[in-house]
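Single-structure report; data block below.
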Amino acid sequence: MILENISSSLRIAHETLPEFLEVYPSRFLPTRKEWDGRKVRIIDEPERELKRLQRTRLLRSFQRWGFHHPRAYAGPQGRNHVAAARQHLGAQWIINRDVYNAFPSVTPQMMHTELVSRGFRPEVVKALVTLFTLRGRIPQGSPLSNIALNLAFYRIDHQLSTLCGRLGLNYTRYADDINVSCAKSRRGRRVRIPDLCQEIESAIRSVGVEVNSNKKRKRGFQGLEKVKVVHGCMVSGDDYVLLAPNHETRLIALAEKYPRRAKSVSSEGLRLFWKKRSQLVGFAWCASQLDDRQLVKHVWQKIYLGDRILDNRLVRDGAIRAGERWFMMAIDGVVNRWMKVRRVHRPRALGLESVS
């Protein structure tokens, strides 16, 4: 039944699904390494057409079929890191464990073992392993990566949610970030923190992955701290989820720089500026899920200001027409037109005559 649903989602005949799966790995771009500001990530990005197919058809289907555990918040439609953080508002203490190199650590054999243990038929297991793994790992850069991780970590979610339910604790997992907390209103037998930490780490290692010791040392247990952080959100109060102080400082700094960069960006740097804008808009969208409306308003005001500045520059140089927005157009076309206009007008601006 699952194979028929996959074929239906792809809008292809069921008989041609094996052919699609056979060429599926070849439709990914070569592996590249990318620095995200904290560490180097291995990116296996699908080609544009395959990525659109994954996002618009396969992802929505997998979200409907409920491959994820109820306590997994990355991947399912309508869930995000803020919804996960809300489960820990006003906690007495929080235990955090992060999986070390989660996506590269999940091999096809590990995915195969987890799918078989959940009762999938052999032909279904083979198809899902092909869709969810590539080059010996879960591909980062694919829209299906979080769905794949939810399948691989289903056993972790089941073990820890059962344990926390028995002890009256709160459990959430967002991608590779695992959190267990104790509410202030909890009543019942006392929890031994060292034993609980050991059980959490045992559950993580049971699927063949390791705990990130660096993050465990930095923020593995939050007890007496006034500022408690879960999934990058501050949950110290009882009512509001706010952006963690370090993330808030970074977001404000990026927003303040955006209009200044819009005044000085050149045609050669427009592609990079477009990537910076996409990053800033993504941060602003994440912040909009929180309860700090003033912060979100300030960030969007800076984005709109920077866009107006750059739009006016491009209109004045003839790269776009009045009323067009530069970020809504094909960026390569804008760059090429702007570079062409600058080459034509540069001799005049310098007071030089072109030699024919």
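The shown structure was predicted, so the numbers you read here are calculated from the model rather than taken from an experiment. The basis for the numbers below is simple: all heavy atoms, side chains too, and nothing from hydrogens, waters or symmetry mates.
- Between the CZ atom of Arg60 and the CD atom of Gln77 there is a distance of 7.5 Å, given to the nearest 0.5 Å.
- Between the OG atom in Ser7 and the CD atom in Glu15 there is a gap of 8.0 Å [rounded to 0.5 Å].
- Annotation: side chain of Val299 is in contact with side chain of Leu251 (closest heavy-atom distance under 4.5 Å).
- Defined by atom type and a distance below 3.5 Å, a donor-acceptor pair is present between the side-chain atoms of Asp307 and Tyr258.
- Residues Val235 and Val230 come closest through the heavy atom pair CG2-CG2, 3.8 Å.
- In summary, Glu49 and Lys51 do not engage in a salt bridge, as defined by a charged side-chain N under 4.0 Å from a carboxylate O.
- Applying the 6.0 Å contact sphere to CH2 of Trp300 captures more than 12 heavy atoms from other residues, nucleotides or ligands.
- Hydrophobic clustering of Ile, Leu, Val, Met, Phe, Trp and Tyr side chains at less than 4.5 Å, counting indirect connections, keeps Ile252 apart from Leu305.
- Between the Asn212 side chain and the Asp98 main chain, no donor and acceptor come within less than 3.5 Å of each other.
- Lys39 NZ: more than 12 foreign heavy atoms inside a 6.0 Å radius.
- Using a 4.5 Å cut-off on side-chain heavy atoms (C-beta onward), Ile43 and Lys33 make no contact.
- The main-chain N or O of Val211 is never found under 3.5 Å from a side-chain atom of Glu201 such that the two would form a donor-acceptor pair.
- For Arg79 and Tyr73, the positive end sits near the middle of the six-membered ring, less than 6.0 Å away and at most 45° from its axis.
- To the nearest 0.5 angstrom, Arg313 atom CZ is 11.5 Å from Ile320 atom CD1.
- Taken together through direct or relayed side-chain contacts under 4.5 Å among Ile, Leu, Val, Met, Phe, Trp and Tyr, Leu160 and Ile94 form parts of separate hydrophobic clusters.
- Residues Leu242 and Phe283 do not share a hydrophobic cluster, clusters being chains of Ile/Leu/Val/Met/Phe/Trp/Tyr side chains in contact below 4.5 Å.
- Of the N and O atoms on the side chains of Glu268 and Ser266, at least one donor lies less than 3.5 Å from an acceptor on the other residue.
- Salt bridge status for Arg86 with Asp239: absent, with no side-chain N to carboxylate O gap under 4.0 Å.
- The backbone N or O of Ala74 sits less than 3.5 Å from a side-chain atom of Asn150, completing a donor-acceptor pair.
- Residue Lys228 comes nearest to Gly223 through the heavy atom pair NZ-O, 3.2 Å, listed as atom of the first residue, atom of the second, then distance.
- Ser105 places a side-chain N or O within 3.5 Å of a backbone atom of Tyr100 that can act as its donor or acceptor partner.
- Checked for salt-bridge contact, Glu114 and Arg118 miss the test: no charged N lies under 4.0 Å from a carboxylate O.
- Contact of the Gln63 side chain with the Pro76 side chain is not registered, since no non-hydrogen atoms from C-beta on lie closer than 4.5 Å.
- Side-chain atoms of Phe327 and Phe273, non-hydrogen and from C-beta on, never get closer than 4.5 Å to each other.
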*Quick one: do Thr133 and Met110 satisfy side-chain contact (heavy atoms from CB on, under 4.5 Å)? Show the steps, please.*
CA-CA 10 Å; Thr133 60; Met110 291 167 59; over 6 Å; no

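- Without hydrogens or angle criteria, Glu47 side chain to Phe28 main chain gives no donor-acceptor distance under 3.5 Å.
- To the nearest 0.5 Å, the span separating CZ on Arg97 from CD1 on Ile156 amounts to 13.5 Å.
- A donor-acceptor pair under 3.5 Å is absent between the side-chain atoms of Arg325 and the main chain of Asp311, judged by distance alone.
- Using a 4.0 Å cut-off between charged nitrogen and carboxylate oxygen, Asp157 and Arg173 count as a salt-bridge pair.
- Asp177 and Lys215 are not joined by a salt bridge, as no carboxylate oxygen comes within less than 4.0 angstrom of a charged side-chain nitrogen.
- The shortest distance between side-chain heavy atoms of Tyr171 and Leu163 does not fall below 4.5 Å.
- Here the closest heavy-atom approach between residue Gly232 and residue His247 is recorded as O-CD2, 3.5 Å.
- With Ser142 contributing its side chain and Pro139 its backbone, the two residues share no donor-acceptor pair below 3.5 Å.
- Across Leu3 and Glu123, no two heavy atoms sit closer than the pair CD1-CG, 3.6 Å.
- Using cut-offs of 30° and 60° on the angle between ring planes, the pair Trp65 and Phe62 is perpendicular.
- Heavy atoms only, all atoms of each residue included: Ala262 and Val265 are closest at O-CG1, 3.8 Å.
- In this structure, the side chains of Ile95 and Lys216 stay at 4.5 Å or more apart for every pair of heavy atoms.
- If you take CD1 on Ile6 and CD1 on Ile12, they are separated by 9.5 Å, rounding to the nearest 0.5 Å.
- Remark: the His298 side chain and the Glu256 side chain contain an N/O donor-acceptor pair separated by less than 3.5 Å.
- Exactly one of Asn96, Asn170, Thr172 qualifies for a side chain to side chain donor-acceptor pair (under 3.5 Å) with His88. That residue is Thr172.
- Within 6.0 Å of atom CZ in Arg250, 12 or fewer heavy atoms from other residues, nucleotides or ligands are found, so the atom counts as exposed in its surroundings.
- In this structure a side-chain-to-backbone donor-acceptor pair under 3.5 Å is present from Asn80 to Ala83.
- Using a cutoff of 4.0 Å between basic side-chain nitrogens and carboxylate oxygens, Asp44 and Arg137 are scored as salt-bridged.
- Separating the CD1 atom in Ile309 from the CG atom in Leu314 is a distance of 12.0 Å, to the nearest 0.5 Å.
- Side-chain N or O atoms of His231 include none that pairs as donor or acceptor with a backbone N or O of Cys233 at under 3.5 Å.
- Put simply, the side chain of Ser202 gets close to the backbone of Gln198: a donor and an acceptor are under 3.5 Å apart.
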*Just do the side-chain contact (heavy atoms from CB on, under 4.5 Å) check on Lys184 and Asp238 with the steps written out, would you?*
CA-CA 10 Å; Lys184 293 178 181 177; Asp238 295 329; 3.9 Å; yes

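- Counting heavy atoms from C-beta on, the side chains of Glu199 and Gln159 never come closer than 4.5 Å.
- Looking only at side-chain heavy atoms (C-beta outward), Leu59 and Ile147 come within less than 4.5 Å of each other.
- In this structure, Glu22 places its CD atom where only 12 or fewer heavy-atom neighbours from other residues, nucleotides or ligands lie under 6.0 Å away.
- No continuous path of ILVMFWY side-chain contacts below 4.5 Å connects Ile138 to Leu29, so the two sit in separate hydrophobic clusters.
- Looking at every heavy atom in both residues, Cys286 comes nearest to Val82 through O-CG2, 4.3 Å.
- Linking ILVMFWY residues whenever their side-chain heavy atoms come closer than 4.5 Å, directly or via other members, places Trp326 and Met328 in the same cluster.
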*Which is it for Ser206 and Arg155 under the side-chain contact (heavy atoms from CB on, under 4.5 Å) test, yes or no, and what are the steps along the way?*
CA-CA 8 Å; Ser206 67; Arg155 198 194 323 169; 4.1 Å; yes

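- Using the six-membered ring where Trp is involved, Phe67 and Phe132 have ring planes that are perpendicular, over 60° apart on the 30 and 60° scheme.
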*asked:* For a side-chain contact (heavy atoms from CB on, under 4.5 Å) check, start with the C-alpha distance between Leu128 and Met111, then their side-chain angles and the critical distance, and finish with the verdict.
replied: CA-CA 9 Å; Leu128 292 180; Met111 180 69 72; over 6 Å; no

